[in-house]
Engineer: 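Before we start, here is the structure in question, set down as structure tokens.
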Amino acid sequence: MSTEKRVERLRTLMKEKGVEAMLVSKVVNLRYFSGFTGDDSLLLITAERELLLTDFRYMEQAKAETAFEVVEQKAGLWQQAAKAVQELGCRSLGFEGRAVSFDTFQAFRKLLPAWQEENFISLALEPLREVKDAEEIACLRKAVEISDRAFDDVLQFLRPGISERAVAAHLEAFMREHGSERPAFTTIVASGVRGSLPHGTASEKLLVAGEFVTMDYGAVYQGYHSDITRTVVLGEASEKHRELYHTVLEAQILGVKSLYVGIPGKEADRIVRDFLTQEGYGENFGHGLGHSVGLEIHEEPRLSPKSRAEHLAEGTVVTVEPGVYLPGWGGLRIEDTVLLEKRGGVPLTKAAKHLIEITQG
């Protein structure tokens, strides 16, 4: 989908909400609607005009990346926005209330002294990004491919005596070397007893034989994020390792297979949660089943007991990531990035997810 079609969809929303102009400030939405990859800028979109307000640092870049009219601001970004709103004769303005701080909004209002509160309308633009177009899916596939290859590579690196941070650094370096712009988020490496920490970011703890090692990480390709979690055993797996791993793997596969176009986010979560409860681990699965990914690592719709998604649409890309966490012992998680197609959930993640025992080193 071209940025022109994305702007058309935004204009449809503006018309529905009675908004004459839309001020876009969230960085990922700047990129989504205009193609501009910089920051410290604003988009001002009306029924007829598309302006990108930026400063000297980004003028050349903006003209190369977007078809929007590029306006250089010299006296202040929000001051330039207020001036443009007045020059265009707008009497109602949509803004991203979730992305603009209270202080910034209050200062901006003072720049339009004749306007009343009803002239400003807070709009959430994130729902327009929930269904991914073909270009976005291609970028997500590439990001997933990079993280898949990183998993294959790190299996040769894992050994007793190296730190969790060394593992994280190795993963991140490999992904950088193979096309990732940056880590998708702070890399999680949690081994042994630390495996009970769902967000146990890599520490100085050394890997020890006979423990689970959980790695949750992702790549970024052209702004789009992948998200993968794999757990392996360093050395030989115990019976408890095997039992717990196969339970979580069965839950994860169930979660993927249960997805279909139209499923509510709560229902997707419930199916897996009920299974883990039946297996005796319901109280040890304390987070949601998954979330959407795209220009941000955590997007809507969510798969969780609190999900507001009544019907997942075709073209949605979500994670499926059940886990079991046992304080004082450890835990694990298995996660794929999954595309929702007409036939159901199709994992983009291809990395092996059978129980792997690392015996070298």
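What you see is a predicted model; the values in this text were computed from it and never measured. Along the sequence shown, the residues carry numbers beginning at 1.
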Engineer: I would like to know whether T3 and F68 meet side-chain contact (heavy atoms from CB on, under 4.5 Å); could you show each step before the answer?
Structural biologist: CA-CA 10 Å; T3 55; F68 278 40; 5.6 Å; no

Engineer: Donor-acceptor pair, distance only, cut-off 3.5 Å: does the side chain of Y32 make one with the backbone of L128?
Structural biologist: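 Present.
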
Engineer: Say whether, by atom type as modelled, one donor and one acceptor occur between the side chain of S34 and the main chain of L30 under 3.5 angstrom.
Structural biologist: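 Yes, S34 side chain to L30 backbone: donor-acceptor pair under 3.5 Å.
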
Engineer: Quick check on E118: does its CD atom have over 12 non-hydrogen neighbours (other residues, nucleotides or ligands) under 6.0 Å away?
Structural biologist: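 Buried by this count: over 12 neighbours within 6.0 Å.
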
Engineer: Is it the case that atom CD in E69 sees more than 12 heavy atoms from other parts of the structure closer than 6.0 Å?
Structural biologist: yes

Engineer: Are the side chains of R31 and Q222 in contact, using a 4.5 Å heavy-atom criterion?
Structural biologist: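 Yes - at least one pair of side-chain heavy atoms lies under 4.5 Å apart.
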
Engineer: Taking atom types as modelled and ignoring hydrogens, do the side chains of D227 and H298 form a donor-acceptor contact shorter than 3.5 angstrom?
Structural biologist: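 Note: D227 and H298 side chains miss the donor-acceptor criterion.
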
Engineer: Would you call E172 and R165 a salt bridge, taking side-chain N to carboxylate O under 4.0 Å as the test?
Structural biologist: no

Engineer: Before accepting this row, confirm whether a basic side-chain N of the pair K306/D269 lies closer than 4.0 Å to the acidic partner's carboxylate O.
Structural biologist: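 No salt bridge links K306 with D269.
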
Engineer: Classify the angle between the aromatic ring planes of W329 and H241 as parallel (below 30°), tilted (30 to 60°) or perpendicular (above 60°).
Structural biologist: tilted

Engineer: May I ask you to check whether over 12 heavy atoms, not counting those of E283, lie within 6.0 Å of atom CD?
Structural biologist: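 Counting neighbours around CD of E283, 12 or fewer heavy atoms of other residues, nucleotides or ligands fall under 6.0 Å, so no.
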
Engineer: Could you check I271, L340, L339 and say which one makes a side-chain contact (heavy atoms from CB on, under 4.5 Å) with L259?
Structural biologist: L340

Engineer: Taking all non-hydrogen atoms of both residues into account, name the closest pair between P322 and V272 and its distance.
Structural biologist: CB-CG1, 3.9 Å

Engineer: Tell me yes or no: between the side chains of S292 and E130, is some donor less than 3.5 Å from an acceptor?
Structural biologist: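 There is no such pair (donor and acceptor under 3.5 Å, judged by atom type) between the side chains of S292 and E130.
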
Engineer: For a quick test of reading the model, state the closest non-hydrogen atom pair linking T201 to E164 and the distance between them.
Structural biologist: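 Shortest heavy-atom separation between T201 and E164 comes out as O-OE1, 4.5 Å.
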
Engineer: Would you call E87 and R49 a salt bridge, using N to O less than 4.0 angstrom?
Structural biologist: no

Engineer: If you compare all heavy atoms of S304 against all heavy atoms of G288, which two are closest, and at what distance to 0.1 Å?
Structural biologist: CB-CA, 3.9 Å

Engineer: According to a 4.5 Å side-chain heavy-atom criterion applied to Ile, Leu, Val, Met, Phe, Trp and Tyr, with indirect links allowed, do L77 and V71 form part of one hydrophobic cluster?
Structural biologist: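 Yes, L77 and V71 fall within the same hydrophobic cluster.
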
Engineer: Would you please indicate yes or no on a ring centroid separation below 6.0 angstrom for F174 and H178?
Structural biologist: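 Ring centres of F174 and H178 closer than 6.0 Å.
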
Engineer: State the CZ-CG distance between R159 and L207, to the nearest 0.5 angstrom.
Structural biologist: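 These two atoms lie 9.0 Å from each other.
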
Engineer: Please check this pair: side chain of S196 against backbone of V193, looking for a donor-acceptor N/O pair closer than 3.5 Å.
Structural biologist: yes

Engineer: Which atom names give the shortest non-hydrogen contact between F33 and V7, and what distance separates them?
Structural biologist: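 Closest pair (atom of F33, atom of V7, distance): O-CG2, 3.5 Å.
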
Engineer: Using 4.0 Å as the upper bound for N to carboxylate O, is an ion pair formed by R242 and E236?
Structural biologist: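 So E236 does not pair with R242 through a salt bridge.
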
Engineer: Is a side-chain N or O of R109 found less than 3.5 angstrom from the main chain of F120, in a donor-acceptor match?
Structural biologist: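 Not a single qualifying donor-acceptor pair exists.
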
Engineer: When you check the gap from the basic side-chain N to the acidic O, do K350 and D336 get nearer than 4.0 Å?
Structural biologist: no

Engineer: Rounded to the nearest 0.5 Å, what's the gap from CG on L93 to CZ on F95? Could you check?
Structural biologist: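 L93 atom CG to F95 atom CZ measures 8.0 Å (nearest 0.5 Å).
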
Engineer: Starting at CD of Q252, measure out to OG1 of T319 and round the result to the nearest 0.5 Å.
Structural biologist: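 Here the interatomic distance stands at 9.5 Å.
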
Engineer: Below 4.5 Å, heavy atoms only, C-beta onward: do K240 and L326 meet side chain to side chain?
Structural biologist: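 Yes, close enough: below the 4.5 Å cut-off.
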
Engineer: Is any side-chain heavy atom of V167 closer than 4.5 Å to a side-chain heavy atom of I162?
Structural biologist: yes

Engineer: May I ask you to establish whether R149 and F151 are in a cation-pi arrangement, using a distance under 6.0 Å from NZ or CZ to the six-membered ring centre and at most 45° from the ring axis?
Structural biologist: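 Pair R149/F151 does not count as cation-pi.
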
Engineer: For residues T359 and E357, is any side-chain donor paired with an opposing acceptor at under 3.5 Å?
Structural biologist: no

Engineer: To the nearest 0.5 Å, how far apart are OG1 in T104 and CH2 in W78?
Structural biologist: 6.5 Å

Engineer: I'd like to know if the side chain of T316 reaches the main chain of A313, judged simply by a donor and an acceptor atom lying under 3.5 Å from each other, with no hydrogens or angles considered.
Structural biologist: yes

Engineer: Looking at N284 and Y325, would you say the former's side chain and the latter's main chain have a donor-acceptor pair under 3.5 Å?
Structural biologist: yes

Engineer: Any donor-acceptor pair under 3.5 Å linking the side chain of T231 with the backbone of L332?
Structural biologist: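 Pair absent, no side-chain N/O of T231 close to backbone of L332.
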
Engineer: Answer yes or no: is there a donor N or O on one side and an acceptor on the other, between the side chain of N119 and the main chain of R91, under 3.5 Å?
Structural biologist: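 Between the backbone of R91 and the side chain of N119 there is a qualifying donor-acceptor contact (under 3.5 Å).
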
Engineer: Using a distance-only test with no angle check, is there a side-chain donor-acceptor pair under 3.5 angstrom linking S191 and K205?
Structural biologist: yes

Engineer: F36 and Y58: aromatic ring centres closer than 6.0 Å?
Structural biologist: yes

Engineer: Locate the shortest heavy-atom distance separating Y221 from E181; write the atom from each residue and the value.
Structural biologist: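 Heavy atoms only, the tightest pair is C-OE2, 3.5 Å.
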
Engineer: Would you say that L155 contacts I358 through its side chain, given a criterion of any heavy-atom pair below 4.5 Å between the two side chains?
Structural biologist: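 Side chain of L155 against side chain of I358, heavy atoms only: contact under 4.5 Å found.
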
Engineer: Before you tell me yes or no, could you show the steps for T229 and M215 under side-chain contact (heavy atoms from CB on, under 4.5 Å), namely the whole-Å CA-CA distance, both residues' side-chain angles and the distance that decides it to 0.1 Å?
Structural biologist: CA-CA 5 Å; T229 307; M215 297 165 286; over 6 Å; no

Engineer: For the hydrophobic clusters of this structure (ILVMFWY residues joined by side-chain heavy atoms under 4.5 Å, transitively), does one cluster hold both F275 and L244?
Structural biologist: yes

Engineer: Where the side chain of N29 meets the backbone of V24, is there a donor-acceptor pair that is under 3.5 Å apart?
Structural biologist: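 Side chain of N29 to backbone of V24: no pair is present.
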
Engineer: Has E321 got a side-chain atom pairing as donor or acceptor with I334's backbone, closer than 3.5 angstrom?
Structural biologist: no

Engineer: When you group the ILVMFWY residues by side-chain heavy-atom contacts below 4.5 Å and let the links chain together, are F157 and I228 in the same group?
Structural biologist: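 Result: yes, single cluster for both.
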
Engineer: Yes or no on side-chain contact (heavy atoms from CB on, under 4.5 Å) for L125 and L13, after CA distance, side-chain angles and deciding distance?
Structural biologist: CA-CA 9 Å; L125 304 186; L13 176 65; 4.0 Å; yes

Engineer: Do R176 and R182 make a side-chain contact, defined as non-hydrogen atoms from C-beta onward lying under 4.5 Å apart?
Structural biologist: yes

Engineer: May I ask you to test the E310-P264 pair for a side-chain heavy-atom distance under 4.5 Å?
Structural biologist: no

Engineer: Taking R333 first and then D216, would you say they form a salt bridge - that is, a charged N and a carboxylate O separated by under 4.0 Å?
Structural biologist: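 Salt bridge flag = yes for D216 with R333.
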
Engineer: Would you say that E20 contacts L88 through its side chain, given a criterion of any heavy-atom pair below 4.5 Å between the two side chains?
Structural biologist: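 In short, these two side chains do not touch, never coming nearer than 4.5 Å.
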
Engineer: Would you call E300 and R129 a salt bridge, taking side-chain N to carboxylate O under 4.0 Å as the test?
Structural biologist: no

Engineer: Would you kindly confirm whether L295 and M22 end up in one hydrophobic cluster when ILVMFWY residues are joined by side chain heavy atoms under 4.5 Å apart?
Structural biologist: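 As far as the 4.5 Å side-chain criterion goes, M22 and L295 are connected within one cluster.
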
Engineer: Please tell me if the side chains of V70 and T54 come closer than 4.5 Å, counting only heavy atoms from C-beta onward.
Structural biologist: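 Yes, at least one pair of side-chain atoms sits under 4.5 Å.
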
Engineer: State plainly whether the residues E299 and K132 are in salt-bridge range, i.e. N to O under 4.0 Å.
Structural biologist: yes

Engineer: Is the H287 ring parallel, tilted or perpendicular to the F285 ring (thresholds 30°, 60°)?
Structural biologist: perpendicular

Engineer: Is it true that R270 and E267 have a side-chain N and a carboxylate O under 4.0 angstrom from each other?
Structural biologist: yes

Engineer: Is K83 atom NZ crowded by more than 12 heavy atoms from other residues, nucleotides or ligands, each under 6.0 Å away?
Structural biologist: no

Engineer: Within this structure, what is the OH-OG distance for the pair Y217 and S226, rounded to the nearest 0.5 Å?
Structural biologist: 8.0 Å

Engineer: For E96 versus K26, what's the shortest heavy-atom pair and its separation?
Structural biologist: OE2-N, 2.9 Å

Engineer: For the pair V85 and W115, evaluate side-chain contact (heavy atoms from CB on, under 4.5 Å) and give the outcome as yes or no after the intermediate values.
Structural biologist: CA-CA 11 Å; V85 167; W115 284 41; 3.5 Å; yes

Engineer: Identify whether V131 and I137 are in the same connected component of the hydrophobic contact network (ILVMFWY, side-chain heavy atoms under 4.5 Å).
Structural biologist: no

Engineer: First locate atom CD1 of I188, then atom CD of E335, and finally report the distance between them rounded to the nearest 0.5 Å.
Structural biologist: 8.5 Å

